[in-house]
Amino acid sequence: TGVFLEYLSDFSDSLFFTAGLRHDDNDDFGTNTSYRISGAYLVDMGNGTLKLKSAYGTGFRAPSPFEVEYNNSPSAFPPAANVNLVQEESEGWEAGMEFFTGNMRLEAVYFDQDVENAIFFDLSAFSGYLQDIGTSNSKGVELTAEIPLSESLRLTGNYTLNDTERPDGTQRLRRPENLFNAGLLYTALDGRLNVNGFYRSQADSLDTGGPLEDFGVLDLTASYQITDSLRLYGRLENALDEEYEEVIGFNTAGSAAYVGVNYRFSAR
């Protein structure tokens with residue numbers, strides 16, 4: 001059973017405040033009360049608006065029925081079969097600023113989050129669900145940009161530096177220290193033609209078997225609106241045929257091309 005309360009307030013045209021409170025009552029894992037508060041302040045810069053913002057919150061997650069039953073099933077074996085899962089609890093805060101004017105937006109955020117008793121699946125021995133007993137931490141910076149290069153061309157991107165630590169002092173599994181995404185979006189012919197390129201990469205990631213190789217993947221998409229009802233589209237996934245793994249031992253798809261037609265019927 002859960003109860004959630006939320007308060008939204010705008011003290012003026014430039015100052016905003018929110019608060020949320022949640023109480024959970026779980027038959028197996030007891031009660032928990034979590035909350036979140038956030039605020040934002042807008043500053044008129046003449047040629048744009050600067051937003052100063054921050055947030056602080058706590059969280060609670062009981063092990064799911066699937067996680068509990070998997071560890072109790074014949075599919076599980078030690079060490080997971082010997083683990084009695086307990087709830088995760090988290091606490092975190094962030095602070096940042098955002099500048100926007102017209103179609104351009106720039107943002108920078110610092111974050112810091114602690115997770116108590118993080119639950120994860122044992123991808124080393126496939127024994128079941130385990131827990132990092134103690135505090136796991138993730139902190140870092142995220143940068144985001146949306147920049148119009150012309151009336152028809154737009155650049156988007158974000159970068160995350162994520163410094164993580166498990167209770168034993170090692171890096172958290174499958175949490176890349178460096179993440180980068182970039183997109184180039186082209187629109188022409190009064191919006192009928194759209195061509196997009198998306199590049200994503202990650203570096204300095206660790207898995208149970210050791211470090212993962214850094215990689216970058218390029219995806220391309222295009223669409224053309226032939227009529228109001230008929231649209232031709234295509235996409236090329238992993239255009240550079242990058243060989244990479246996001247989880248050790250699990251291969252990912254190579255290059256793949258798709259072409260299709262979408263027709264929308266009008267109801268009368």
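Everything quoted here is computed from the prediction, not taken from an experiment. Index from 1, following the sequence.
Judged by the 6.0 Å distance and 45° axis criteria, Arg235 is positioned over the aromatic ring of Tyr258.
Scored by the side-chain hydrogen bond (donor to acceptor under 3.5 Å, both in side chains) test, Arg200 finds Tyr244 as partners (sequence neighbours excluded). Under the side chain to side chain contact (heavy atoms under 4.5 Å, CB included) criterion, Ser54 pairs with Ala95, sequence neighbours left out. The side chain to side chain contact (heavy atoms under 4.5 Å, CB included) test applied to Ala222 returns Val195, not counting sequence neighbours. Residues passing the side-chain hydrogen bond (donor to acceptor under 3.5 Å, both in side chains) test with Glu246: none are found, sequence neighbours excluded. Remark: Thr160 pairs with Phe111, Glu142, Asn158, Asn162, Leu179 by the side chain to side chain contact (heavy atoms under 4.5 Å, CB included) rule, at least two apart or across chains.
Note that CG of Leu42 is 8.5 Å distant from CG of Leu50, once rounded to the nearest 0.5 Å. Taking OG from Ser127 and CZ from Phe121, the interatomic distance works out to 7.0 Å, rounded to the nearest 0.5 Å. Put simply, CG on Leu130 and OG on Ser124 are 9.5 Å apart, with the number rounded to the nearest 0.5 Å. Interatomic distance, CG of Asp114 versus OG1 of Thr58, reported as 12.0 Å (0.5 Å rounding). Atom OG1 of Thr1 is separated from atom CG of Asp27 by 7.0 Å, given to the nearest 0.5 angstrom. Taking CG from Leu106 and CG from Leu143, the interatomic distance works out to 10.0 Å, rounded to the nearest 0.5 Å.
Salt-bridge formation is detected for the pair Arg105/Glu98: a Lys NZ or Arg NE/NH1/NH2 atom is positioned less than 4.0 Å from an Asp or Glu carboxylate oxygen. Under a 4.0 Å N-O distance rule, the pair Glu245/Arg174 does not qualify as a salt bridge.
Side-chain contact between Pro148 and Met104: present, with at least one pair of heavy atoms (C-beta onward) separated by less than 4.5 Å. Two residues are said to be in side-chain contact when any heavy atoms from C-beta on lie closer than 4.5 Å; Leu149 and Arg154 fail this criterion. The shortest side-chain heavy-atom distance between Glu94 and Tyr110 does not fall under the 4.5 Å cut-off. The shortest distance between side-chain heavy atoms of Glu67 and Ile119 falls below 4.5 Å. Side-chain contact between Val43 and Tyr41: present, with at least one pair of heavy atoms (C-beta onward) separated by less than 4.5 Å. Looking at heavy atoms from C-beta onward, Pro79 lies out of side-chain contact with Asn82 at the 4.5 angstrom threshold. Counting heavy atoms from C-beta on, the side chains of Gln202 and Arg175 never come closer than 4.5 Å. By the 4.5 Å heavy-atom criterion applied to side chains, Thr135 and Pro167 are not counted as neighbours.
A donor-acceptor contact shorter than 3.5 Å links the side chain of Gln131 to the backbone of Asn117. Between the Arg192 side chain and the Asp190 main chain, no donor and acceptor come within less than 3.5 Å of each other. A distance-only check finds no donor-acceptor pair linking the side chain of Ser90 to the backbone of Val115 [under 3.5 Å]. At least one donor-acceptor pair closer than 3.5 Å links the side chain of Asn137 to the backbone N or O of Gln113. For the pair Asp207 (side chain) and Ile248 (backbone), a donor-acceptor distance under 3.5 Å is present. Between the side chain of Asn262 and the backbone N or O of Arg231 there is no donor-acceptor pair closer than 3.5 Å. With hydrogens and angles ignored, the 3.5 Å screen pairs no side-chain donor or acceptor of Asp24 with any backbone N or O of Thr31. The backbone N or O of Asp204 lies less than 3.5 Å from a partner atom in the side chain of Asp214, making a donor-acceptor pair.
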Review point. Run the side-chain contact (heavy atoms from CB on, under 4.5 Å) check on Tyr129 and Leu85 step by step: do they pass?
Key: CA-CA 8 Å; Tyr129 287 91; Leu85 296 174; 4.1 Å; yes
**Study point:** ring-ring contact (aromatic ring centres under 6.0 Å, His included) assessment of Tyr233 paired with Tyr224
**Key:** CA-CA 6 Å; Tyr233 66 89; Tyr224 180 70; over 10 Å; no
Practice item. Kindly determine whether Asn196 and Leu220 satisfy side-chain contact (heavy atoms from CB on, under 4.5 Å), including the steps that lead there. Key: CA-CA 6 Å; Asn196 304 320; Leu220 304 173; over 6 Å; no
Exercise for review: Please lay out, stage by stage, how Leu185 and Leu153 fare under the test side-chain contact (heavy atoms from CB on, under 4.5 Å).
Suggested key: CA-CA 6 Å; Leu185 301 86; Leu153 194 61; over 6 Å; no
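The number of heavy-atom neighbours closer than 6.0 Å to CD of Glu6, taken from other residues, nucleotides and ligands shown, is above 12. Within a 6.0 Å sphere centred on CG of Asp13, heavy atoms belonging to other residues, nucleotides or ligands number 12 at most. Around CG of Asn47, the count of heavy atoms belonging to other residues, nucleotides or ligands within 6.0 Å exceeds 12.
The distance between the ring centers of Phe60 and Phe29 does not fall below 6.0 angstrom. Separation of the Tyr159 and Phe180 ring centroids does not fall under the 6.0 Å cut-off.
Aromatic ring pairs are classed by plane angle as parallel below 30°, tilted from 30° to 60° and perpendicular above 60°; the pair Tyr56 and Tyr35 is tilted. Using the six-membered ring where Trp is involved, Tyr70 and Phe66 have ring planes that are tilted, between 30° and 60° apart. Ring geometry, Phe250 versus Phe126: the interplanar angle falls from 30° to 60°, so the pair is classed tilted.
Across Gly260 and Leu232, no two heavy atoms sit closer than the pair O-CD1, 3.4 Å. Across all non-hydrogen atoms, the minimal contact from Ala239 to Ser255 is O-OG, 3.7 Å.
Residues Leu236 and Leu240 fall within the same hydrophobic cluster, defined by Ile, Leu, Val, Met, Phe, Trp and Tyr side chains chained together at heavy-atom separations under 4.5 Å.
Note on residues 119-140: pairs passing salt bridge (Lys or Arg N to Asp or Glu O under 4.0 Å), not counting sequence neighbours, are Asp132-Arg166.
With 3.5 Å as the limit, one finds no donor-acceptor pair spanning the side chains of Asn238 and Asp219. Donor-acceptor pairing under 3.5 Å is lacking for the side chains of Ser229 and Thr227. Side chains of Ser138 and Arg172: a donor on one and an acceptor on the other come within 3.5 Å. Thr18 and Ser38 share a side-chain donor-acceptor pair at under 3.5 Å.
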